Amino acid sequence: MTHRYFFSCCCLLLTLTMLRAEEVIVLPVRVHLIQGATMNVKETKLDLWVKAEQVKQVLLPEVNRIWKPADVRFEIESIIEEVIPESPLRAKVLAQIAAFKRDAVGVAPFELTKRLFDPEKFHPSAINIYLFPYVGETLQGVATLGGNRVLVGVWSDKSSGGKKPPQKTLLTEPEPMVIGSLARTMGHELGHALTLEHPAKSAEPKGRQMGGGKQGYLLTPEEIAQARESARKHLLPSAQR
């Protein structure tokens, strides 16, 4: 009887584990390492310093750790080096982005960079993450709600409120978050791609991945449910979304 009970418990545990594994939603991402977009901001030369191996071994594992409570996992479809050729358009767009202020009126860096990126390298069935030198004063990343384009800067002046030259972001930062990191920004912008918005500064609980009064790594049950629903839609062919 004891052996039979033990065997039944093991079977139940195995079944629950298998069901749990089936619940994980895996979303493909294509990471674009943008080359040829060097900028000068406050007499500091900004270029792309993140390598493909750092994306594989550091950034995506940390993003997946952040999103594990939602059972959403991001899987690299490919990492490509996308070179922006020299042209008057490139020089103009980079100058506009370098001078961009968070509350400025005009075309945002997200729209500006789309003029530079090669549409042939865009993957319509994956979330495309563009790693770019800098995306504007005190900004770290941008994305559209429910979209499949994410733009993340690898330099930022957010910690100084734009008063000091941009610095290289940390790749990751252990909890509790104090400064923030490239992985957290990437995870945050992927949240926007999964239709999550910024909570109000007064919203509880504090320390949330999507912002609010104090930023952190927490995803609320409501955010998890919403993100999972959106993630399932991302898996559908574009014609069915």
Side-chain angles (χ1 to χ4, degrees), residues 27 29-34 37 39 41 46-52 54-70 72-74 76 79 97-98 100-102 108-113 117 127-162 164-199 201 206-219 223 227:
L27 295 177
V29 296
R30 173 173 286 186
V31 181
H32 303 246
L33 302 179
I34 302 300
M39 284 183 265
V41 179
L46 313 181
D47 54 18
L48 191 78
W49 53 270
V50 176
K51 307 298 183 185
Q54 291 173 309
V55 174
K56 293 178 189 175
Q57 297 177 11
V58 182
L59 290 178
L60 256 294
E62 174 64 0
V63 168
N64 284 328
R65 181 195 73 81
I66 292 169
W67 277 93
K68 187 175 181 180
V72 173
R73 188 170 76 247
F74 299 94
I76 295 173
I79 300 175
I97 295 171
F100 188 82
K101 311 290 185 185
R102 177 183 282 270
F110 191 64
E111 297 302 319
L112 287 168
T113 54
F117 299 155
I127 297 178
N128 293 259
I129 302 173
Y130 296 86
L131 294 186
F132 203 74
Y134 179 74
V135 295
E137 186 176 272
T138 73
L139 292 171
Q140 294 174 298
V142 285
T144 52
L145 286 179
N148 56 353
R149 295 175 189 265
V150 167
L151 179 67
V152 179
V154 301
W155 295 75
S156 176
D157 51 13
K158 184 176 180 178
S159 61
S160 71
K164 295 181 181 179
Q167 296 182 331
K168 289 182 180 179
T169 58
L170 298 173
L171 284 173
T172 64
E173 181 183 21
E175 297 189 59
M177 188 190 82
V178 177
I179 300 173
S181 68
L182 191 56
R184 186 198 174 276
T185 299
M186 193 181 294
H188 176 95
E189 300 306 333
L190 286 167
H192 289 317
L194 297 181
T195 73
L196 300 186
E197 299 186 65
H198 296 150
K201 291 189 180 296
K206 303 295 185 186
R208 288 160 65 168
Q209 170 67 15
M210 297 312 297
K214 183 181 185 302
Q215 297 184 344
Y217 296 96
L218 175 68
L219 291 163
E223 288 172 332

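In this text the structure is predicted, and so the values were computed from the model without any measurement.
- K206 places a side-chain N or O within 3.5 Å of a backbone atom of K201 that can act as its donor or acceptor partner.
- Separating the CD1 atom in I79 from the CD atom in Q54 is a distance of 10.5 Å, to the nearest 0.5 Å.
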For this session: Would you sort out whether H192 and M210 count as a side chain to side chain contact (heavy atoms under 4.5 Å, CB included), showing the intermediate values?
Result: CA-CA 8 Å; H192 289 317; M210 297 312 297; 3.5 Å; yes
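- With values rounded to the nearest 0.5 angstrom, I127 atom CD1 is found 13.5 Å from R30 atom CZ.
- The minimum heavy-atom distance linking N64 with V72 is given by the pair OD1-O, 4.4 Å.
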For this session: Assess whether side chain to side chain contact (heavy atoms under 4.5 Å, CB included) is satisfied between T185 and E189, documenting all intermediate values.
Result: CA-CA 6 Å; T185 299; E189 300 306 333; 4.3 Å; yes
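- Note that the CZ atom of R184 and the CD atom of Q140 stand 8.0 Å from one another [nearest 0.5 Å].
- Contacts of E197 classified as salt bridge (charged side-chain N to carboxylate O under 4.0 Å, His left out), with partners at least two apart in sequence or in another chain: none.
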For this session: Check step by step if side chain to side chain contact (heavy atoms under 4.5 Å, CB included) holds for L194 and W67.
Result: CA-CA 12 Å; L194 297 181; W67 277 93; 4.0 Å; yes
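- Every residue meeting the ring-ring contact (aromatic ring centres under 6.0 Å, His included) condition with H32, not counting sequence neighbours, appears here in chain and number order: Y130.
- No side-chain heavy atom of L27 sits less than 4.5 Å from a side-chain heavy atom of L190.
- Between the CG atom in L59 and the NZ atom in K51 there is a gap of 13.5 Å [rounded to 0.5 Å].
- Each of Q209, Q215, R208, H198 was checked for a side chain to side chain donor-acceptor pair (under 3.5 Å) with H188, and the lone residue meeting it is H198.
- Contact of the L170 side chain with the L182 side chain is not registered, since no non-hydrogen atoms from C-beta on lie closer than 4.5 Å.
- Residue E137 is tested with K101, K158, R102 for a side chain to side chain donor-acceptor pair (under 3.5 Å); the sole match is K101.
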Problem set entry | CA sep, side-chain torsions, deciding dist, call: F74, I129, side chain to side chain contact (heavy atoms under 4.5 Å, CB included) | CA-CA 11 Å; F74 299 94; I129 302 173; over 6 Å; no
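- Going from atom CD of E111 over to atom CZ of R149 covers 9.0 Å, rounded to the nearest 0.5 Å.
- For the pair N148 (side chain) and A193 (backbone), a donor-acceptor distance under 3.5 Å is absent.
- Listed by first and then second residue, the side-chain hydrogen bond (donor to acceptor under 3.5 Å, both in side chains) pairs that reach into residues 168-183 are R65-E175, sequence neighbours excluded.
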